[in-house]
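Right, one structure below, let's go through it.
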Amino acid sequence: ILISGTLDNLRSASIAVMGERVHVAWSKIEMGLYEIYYRTSTNGGNDWRPLVNIISNNSINVDNPAIALTGAYVHLTWQSEFSTNQAFISYRNSSNYGVNWGTNQQLTIGDYRGSPSVCASGNNVLIAFQDDMYGNKEISYMRSTNSGGYWIGGLTRLTNDPEVSIHPSAAISGDTAIITWMDNRYG
């Protein structure tokens, strides 16, 4: 089933499933810049609700969406790029299975931050991302204990390695979070 409406100009995608509910977000180029789109199914992907444009902006690229679910909450994060050396992490959530969406939150500023991964369990939400603010590619994260309403203590640096650390992936169960990443410390 083609849920994006077209195969033209698609880029990265993320999927999350809970029971019969399927949630998909992807980036697509429109008028020269990437936008984030979302669709959901309540019956295992047999039928899909209307396409939602989560974020469009005529001055910056938005890419690399990541999606997570917990209860009725859908958590969505992505990177927004001003230039090849400046990007920030953005976040938006829905408290009713993706029917309505809250406002966009810009979680980071300055330098280059990208490749986000999001996970959620109960009211806990964690976003891990590549962070270039230290003069090297490292992994940082942010966490919320109230479903994305407030982010505790800003960002936390996870890695500190002379080699690059990239492509984080995060998972959470209850209060226990696991973050993996790729690095080149052994050559």
**Message:** Under a 3.5 Å cutoff, is there a donor and acceptor pairing between the side chains of Thr145 and Asn123?
**Reply:** no
**Request:** State, with a plain yes or no, whether a side-chain heavy atom of Tyr37 is found less than 4.5 Å away from one of Arg39.
**Result:** no
**Prompt:** Do Gln79 and Tyr112 have a side chain donor and acceptor closer than 3.5 Å?
**Reply:** yes
**Request:** Inspect the surroundings of CD1 in Ile152 and state if more than 12 heavy atoms from other residues, nucleotides or ligands are less than 6.0 Å away.
**Result:** yes
**Prompt:** Would you say the side-chain atoms of Ser12 pair up with the backbone N or O of Asn64, donor to acceptor, closer than 3.5 Å?
**Reply:** yes
**Considering all heavy atoms, the nearest Glu163-Glu138 contact** = O-OE2, 4.4 Å
**Prompt:** Is the backbone N or O of Val17 less than 3.5 Å from a side-chain atom of Arg21, with the two atoms forming a donor-acceptor pair by type?
**Reply:** no
**Minimum heavy-atom distance Ala170-Leu126, with the two atoms named** = CB-CD2, 3.7 Å
**Message:** Any non-hydrogen side-chain atom of Trp78 less than 4.5 Å from a side-chain atom of Asp63?
**Reply:** no
**Item:** Ala68 to Ala120 - nearest heavy-atom pair and separation
**Value:** CB-N, 4.0 Å
**Item:** Check: Ile127 and Tyr141 side chains under 4.5 Å, non-hydrogen atoms
**Value:** no
**Request:** Could you pull out the closest heavy-atom pair between Pro116 and Ala66, with the gap in Å?
**Result:** O-CB, 3.5 Å
**Request:** Without swapping roles, check the side chain of Ser27 against the backbone of Ile36 for a donor-acceptor pair under 3.5 Å.
**Result:** no
**Request:** Can you establish whether the number of heavy atoms outside Arg157 located under 6.0 Å from its atom CZ is more than 12?
**Result:** yes
**Nearest non-hydrogen partners of Pro65 and Ser14, listed with the distance** = O-CB, 3.4 Å
**Message:** A side-chain contact here means heavy atoms from C-beta on lying under 4.5 Å apart; do Lys28 and Glu35 qualify?
**Reply:** no
**Prompt:** Are side-chain heavy atoms of Leu76 and Asn93 found at a separation under 4.5 Å?
**Reply:** no
**Asked** Looking only at atom types and distance, does a side-chain atom of Asn61 sit under 3.5 Å from a main-chain N or O of Tyr34, one as donor and one as acceptor?
**Response** yes
**Message:** Test your reading of the model: is there a side-chain donor-acceptor pair from Ser115 to the backbone of Phe129, 3.5 Å cut-off?
**Reply:** no
Show me the donor-acceptor pairs, under 3.5 Å and distance only, between side chains in residues 95-105 and residues at least two apart or in other chains.
unit_1 : atom_1 : unit_2 : atom_2 : d
Asn96  : OD1    : Ser94  : OG     : 2.9
Asn96  : OD1    : Val99  : N      : 3.4
Asn96  : OD1    : Asn100 : N      : 3.0
Asn96  : ND2    : Asn100 : OD1    : 2.8
Trp101 : NE1    : Gly98  : O      : 3.2
Asn104 : OD1    : Arg92  : NE     : 3.4
Gln105 : OE1    : Trp151 : NE1    : 3.1
Gln105 : NE2    : Gly148 : O      : 3.1

**Asked** Is the backbone N or O of Ser165 less than 3.5 Å from a side-chain atom of Thr159, with the two atoms forming a donor-acceptor pair by type?
**Response** no
**Prompt:** Under 3.5 Å, is there a donor-acceptor pair between the side chain of Gln106 and the main chain of Phe88?
**Reply:** no
**Request:** Check the pair Val125 / Tyr73 against side chain to side chain contact (heavy atoms under 4.5 Å, CB included), numbers first and verdict last.
**Result:** CA-CA 10 Å; Val125 183; Tyr73 275 88; over 6 Å; no
**Request:** Check whether Met133 and Ile166 end up in the same hydrophobic cluster, where Ile, Leu, Val, Met, Phe, Trp and Tyr are linked by side-chain heavy atoms less than 4.5 Å apart.
**Result:** no
**Prompt:** Just by distance, do the side chain of Ser140 and the backbone of Asp131 share a donor-acceptor pair under 3.5 Å?
**Reply:** no
**Prompt:** Ile67 versus Ile15: any side-chain heavy-atom pair under 4.5 Å?
**Reply:** no
**Prompt:** Hey, does Val164 have a side-chain heavy atom less than 4.5 Å from the side chain of Asn136?
**Reply:** yes
**Request:** For Thr70 and Gly122, work out which heavy atoms get closest and say how close.
**Result:** OG1-N, 2.9 Å
**Polar side-chain atom of Thr108 near backbone of Ile89 as donor-acceptor pair, under 3.5 Å** = yes
**Request:** Going by the side-chain contact (heavy atoms from CB on, under 4.5 Å) test, name the single residue among Ile178, Asn124, Ile179, Ile172 that passes it with Cys119.
**Result:** Ile172
**Asked** Is it the case that Asp132 and Tyr134 place a side-chain donor and acceptor less than 3.5 Å from each other?
**Response** no
**Asked** What pairs meet the salt bridge (Lys or Arg N to Asp or Glu O under 4.0 Å) rule with one or both residues in residues 165-184, with sequence neighbours excluded?
**Response** Asp183-Arg185
**Asked** Would you call His167 and Ser117 a side-chain contact if the rule is heavy atoms closer than 4.5 Å?
**Response** no
**Prompt:** Passes side chain to side chain contact (heavy atoms under 4.5 Å, CB included), Leu158 versus Trp181? Steps please.
**Reply:** CA-CA 10 Å; Leu158 181 63; Trp181 64 91; 3.6 Å; yes
**Request:** Please check if the side chain of Thr77 supplies one atom and the backbone of Ser90 the other of a donor-acceptor pair under 3.5 Å.
**Result:** yes
